[in-house]
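Below is one structure, written out as structure tokens; comments come after it.
We name chains A, B, ... by the order of the sequence lines, and we start the count at 1 in each one. Nothing here was measured: the structure is a model prediction, and the numbers come from that model.
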Protein chains: 2
Amino acid sequence: MGKQVNYAQGHNTGDFELAREIHFRLGDRWTAEVAAALGDRCMRFKELYRSVDGISQRMLVVTLRHLERDGLMTRRIYPTVPPRVDYERSALGRSLKEAIGPIARWAATNRQKIEESRRYFDMNVRKAGASPNTRQC
Amino acid sequence: MGKQVNYAQGHNTGDFELAREIHFRLGDRWTAEVAAALGDRCMRFKELYRSVDGISQRMLVVTLRHLERDGLMTRRIYPTVPPRVDYERSALGRSLKEAIGPIARWAATNRQKIEESRRYFDMNVRKAGASPNTRQC
DNA sequence: CAGAATCCTAAGTGATACTG
DNA sequence: CAGTATCACTTAGGATTCTG
């Protein structure tokens with residue numbers, strides 16, 4: 001990925017940008033699913049590993065570290081042998097879950113439309129560049 | 001990146017997963033910013049190019065294609081010379097903007113907390129594994 | 001059990017040059 | 001003007017092996 005980030009000036013400000021700016025990484029492959037799997041109770045590593053279907057051990061660790069670093073969940077180690085580690089959603093993590101609601105519902109309700117749009121797009125590959133509309137906007 | 005996607009069964013279902021499932025790519029580097037730049041009026045390519053600070057021409061094209069493919073905006077070509085192309089947010093795109101609101105506000109209000117959490121985490125690098133808490137949850 | 005370390009591939013991205 | 005075509009680079013992520 002690139003290196004310069006370049007967040008600056010005030011033009012083109014909008015809700016989209018605000019959400020992006022923070023860099024909370026619901027965008028990556030696993031954060032959202034791990035956070036979802038975590039649920040409202042506290043869970044151990046293996047438990048999460050089994051809950052998130054298809055994730056590799058490595059990516060579970062990486063994702064959990066991100067969530068911890070951002071303060072979205074807590075990690076408690078018990079110095080026993082074999083070791084035990086508990087993961088639990090923090091207050092901040094719970095508030096995020098609330099905020100996620102609308103966009104999640106949006107995704108659920110519009111999923112079909114989007115998939116249809118994609119199918120149409122992929123079929124017609126925009127061979128004629130849509131309808132040659134003369135009316136400018 | 002990996003190849004198998006493996007969305008399946010019903011466990012660990014939650015709002016997070018729903019949002020992810022759809023694969024609308026607010027997660028990638030530019031989608032959100034381009035969508036924000038697009039605003040509520042209709043814009044030409046060059047206009048968008050100037051509006052989104054730091055984006056390359058290539059990535060603007062790629063991002064716009066994604067948005068078009070998902071049906072989040074429309075693209076109108078005028079067969080003139082030099083060519084003219086207008087981009088405009090679709091109804092679906094507008095509804096997404098609505099849905100984004102809460103999470104955007106969440107990001108804005110909790111940004112400080114997250115950054116602080118990151119600083120703390122990066123300093124202490126979890127050298128002692130947090131407090132050795134004996135109480136299990 | 002809960003990871004850390006290593007290696008590898010592929011996708012995302014940027015830079016640059018070219019074109020209808 | 002609005003792209004397309006290449007190429008090079010960086011990083012996310014998977015597979016595998018090792019360890020306290």
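The shortest non-hydrogen separation linking A:Phe121 to B:Arg69 is CD2-CG, 3.4 Å.
Residue A:Pro82 is the one, among A:Pro82 and B:Pro83, whose nearest nucleotide of DNA chain C lies closer to the 5' end (criterion: closest heavy atom). Remark on DNA chain D: of its neighbouring residues B:Arg58 and B:Lys46, the 5'-side contact belongs to B:Lys46, judged by nearest-heavy-atom nucleotide.
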Could you tabulate the donor-acceptor pairs under 3.5 Å formed by side-chain atoms of residues 38-47 of chain A, not counting sequence neighbours?
{"from": "A:Asp40", "atom 1": "OD1", "to": "A:Arg89", "atom 2": "NH2", "distance (Å)": "3.3"}
{"from": "A:Arg41", "atom 1": "NH1", "to": "A:Glu47", "atom 2": "OE2", "distance (Å)": "2.9"}
{"from": "A:Arg41", "atom 1": "NH2", "to": "A:Glu47", "atom 2": "OE2", "distance (Å)": "3.0"}
{"from": "A:Glu47", "atom 1": "OE1", "to": "A:Arg44", "atom 2": "N", "distance (Å)": "3.1"}

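At least one donor-acceptor pair closer than 3.5 Å links the side chain of B:Asp28 to the backbone N or O of B:Thr31.
B:Trp106 is listed as a side-chain neighbour of A:Leu92, based on a closest heavy-atom distance under 4.5 Å. Side-chain contact check for A:Arg111 versus A:Ile114: every heavy-atom pair is 4.5 Å or farther apart.
Under 4.0 angstrom from either OP1 or OP2 of D:dG3 there lies at least one side-chain N or O belonging to B:Arg65. Side-chain nitrogen and oxygen atoms of B:Arg84 include none within less than 4.0 Å of the OP1 or OP2 phosphate oxygen of D:dG3. Put simply, A:Tyr87 has no side-chain N or O that comes within less than 4.0 Å of OP1 or OP2 on C:dC1.
Looking at heavy-atom distances under 4.0 Å, A:Arg44 makes contact with sugar-phosphate atoms alone, never a base.
In this structure, A:Ile77 atom CD1 and C:dG3 atom P are separated by 7 Å, rounded to whole Å. To the nearest angstrom, C1' of D:dA12 lies 16 Å from CZ of B:Arg29. Put simply, CG on B:Asp86 is 14 Å from P on D:dC1, counting in whole angstrom units. Between the P atom of D:dG3 and the CD1 atom of B:Ile55 lies a distance of 13 Å, rounded to the nearest Å. Regarding A:Phe45, its CZ atom lies at a distance of 18 Å from the P atom of D:dG20, rounded to whole Å. One interatomic measurement links the two molecules: CG of A:Asp28 to P of C:dA11, which rounds to 17 Å at whole-angstrom precision. Following rounding to the nearest Å, A:Gln57 (CD) and D:dG13 (P) show an atom-to-atom distance of 17 Å. What separates CE of B:Met59 from C1' of C:dG12 is a distance of 6 Å, to the nearest Å.
When distances run from any side-chain atom of B:Trp30 to the nucleotides C:dG14, C:dG3, D:dG3, the shortest one goes to C:dG14. Distances from the side chain of B:Ser56 to the nucleotides D:dG20, D:dT4, C:dG14 place C:dG14 closest.
Scored by the side chain to side chain contact (heavy atoms under 4.5 Å, CB included) test, A:Ser117 finds no partners at all (sequence neighbours excluded).
The C1' atoms of five pairs define one axis at each end of the helix from C:dC1-D:dG20 to C:dG20-D:dC1, and these two axes lie 50° apart (to 10°).
Using a 4.0 Å cut-off between charged nitrogen and carboxylate oxygen, B:Arg75 and B:Asp86 do not count as a salt-bridge pair.
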